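Some notes on the structure that comes next.
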Amino acid sequence: MTQSQTLPDHVGIIMDGNGRWATARGLSRNRGHKRGAEVFGEIVRHAKRLGIPYLTVYAFSTENWNRPPQEVAGIMDLLRGYLRDADRYRKENVQTQIIGDKAQLDADLVEMIAKVEEGSRNNTGIHVNIALNYGGRDELVHAARKIAAMILEGSIPLQSVDHSMLERCLYTAGQPDVDLIIRTGGEQRVSNFLLWQGAYAEFVFTPTLWPDFTAADLDAALEEFSRRERRMGGI
Ligand code: IPE
Ligand code: IPE
Ligand code: MG
């Protein structure tokens, strides 16, 4: 990172490749997720040091329920471990928010999430969204329902529905659009991540598997981002 580089306001990361990392080492896929969770912590710290205001990480998609139950349970336990460590938020000044549909999550997890969100609300170091049971399509359906309900109850007229109203109904309400989406693990697809917010995002794809991703890799992606020319439909 050089001083003159333009930093994105909001970075999204599709943390992919945990399973392949583990399989290549003869380990269970859950060991890959465990290492991935450690890397997540390191990358949050680095992003905070760099002064990135918003970071959204894709931890579990609405489609990841299609995995074997023991893998799903392992991922949920790792999240519990992260959330349980409440002291970390105070020390590290990280504001943590979970984005996604919480209705399908276990009650204890929902309770832990509420505690962490409440306890870290006033932290100013970096805002981290953990996308858990998150799907971009699901988020848009939720937003559509909220808006429809307001119209039906007569609290807003149909004419007031616009971009900014829809944005206020997303999980990321009040946050800037994602400027840069990094995907590790070699696949070059969006997999239902931040569909609305990423309308003009720059993408950086790397073959590096998430458990091997380092602070230097984040620096490289940011450097790549700063070289991109963003026209937003202009010339
Ligand atoms: C990403 O790694 C983590 C989650 C989707 C929970 P994967 O588990 O998808 O790893 P690969 O893609 O199978 O290697
Ligand atoms: C995307 O990875 C979801 C997360 C990283 C949480 P997947 O491994 O689930 O995506 P696909 O199935 O390769 O598109
Ligand atoms: Mg994957």
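Just so it is clear, the values below take in all heavy atoms, side chains as well, and ignore hydrogens, waters and symmetry mates. Each ligand, and each atom within it, is numbered from 1 in the order the structure gives. Values in this document were obtained by computation on a predicted structure and should not be read as measured data.
Restricting Asp16 to its N, O or S atoms, the one at the least distance from the Mg ion (ligand 3) is OD1.
A heavy-atom separation below 4.0 Å is found between Arg29 and ligand 1. Taking a 4.0 Å cut-off on heavy atoms, His33 fails to register as neighbouring ligand 2. Contact annotation: Gly17 has at least one heavy atom less than 4.0 Å from an atom of ligand 1.
A salt bridge links Asp106 to Arg80: one of the charged nitrogens lies within less than 4.0 Å of a carboxylate oxygen. One finds a salt bridge joining Arg228 and Glu224 here, because a Lys/Arg side-chain nitrogen approaches an Asp/Glu carboxylate oxygen to under 4.0 Å.
What sits closest to atom 9 (O) of ligand 2 on the protein, heavy atoms only, is Asn64 ND2, 2.9 Å. Of the protein's non-hydrogen atoms, the one nearest atom 14 (O) of ligand 2 is Ser191 OG, 2.6 Å. Summary of contacts: the protein heavy atom closest to atom 12 (O) of ligand 2 is Arg189 NH2, 4.5 Å. Nearest protein heavy-atom contact of atom 10 (O) of ligand 2 is Arg183 NH2, 3.3 Å.
Here Met15 has backbone heavy atoms under 4.0 Å from ligand 1, and that is the only part of it that gets that close. Contact annotation for Ala131 and ligand 2: no heavy atom of the residue comes within less than 4.0 Å of the ligand. In Leu209, neither the side chain nor the backbone holds a heavy atom less than 4.0 Å from any atom of ligand 1. In Ser61, neither the side chain nor the backbone holds a heavy atom less than 4.0 Å from any atom of ligand 1.
A donor-acceptor contact shorter than 3.5 Å links the side chain of Asp217 to the backbone of Thr214.
For ligand 1, none of its N or O atoms has an N or O atom of Trp21 under 3.5 Å away. Looking at Ile75 next to ligand 1, no N or O pair under 3.5 Å apart turns up.
Among Glu71, Arg67, Glu63, the residue whose heavy atom lies nearest to atom 8 (O) of ligand 1 is Arg67.
Between Trp196 and His163, a ring centre-to-centre spacing shorter than 6.0 Å is recorded. Side-chain rings of Trp65 and Phe60 approach one another, their centers coming within less than 6.0 Å.
Not one N, O or S atom of Glu187 sits under 2.8 Å from the Mg ion (ligand 3).
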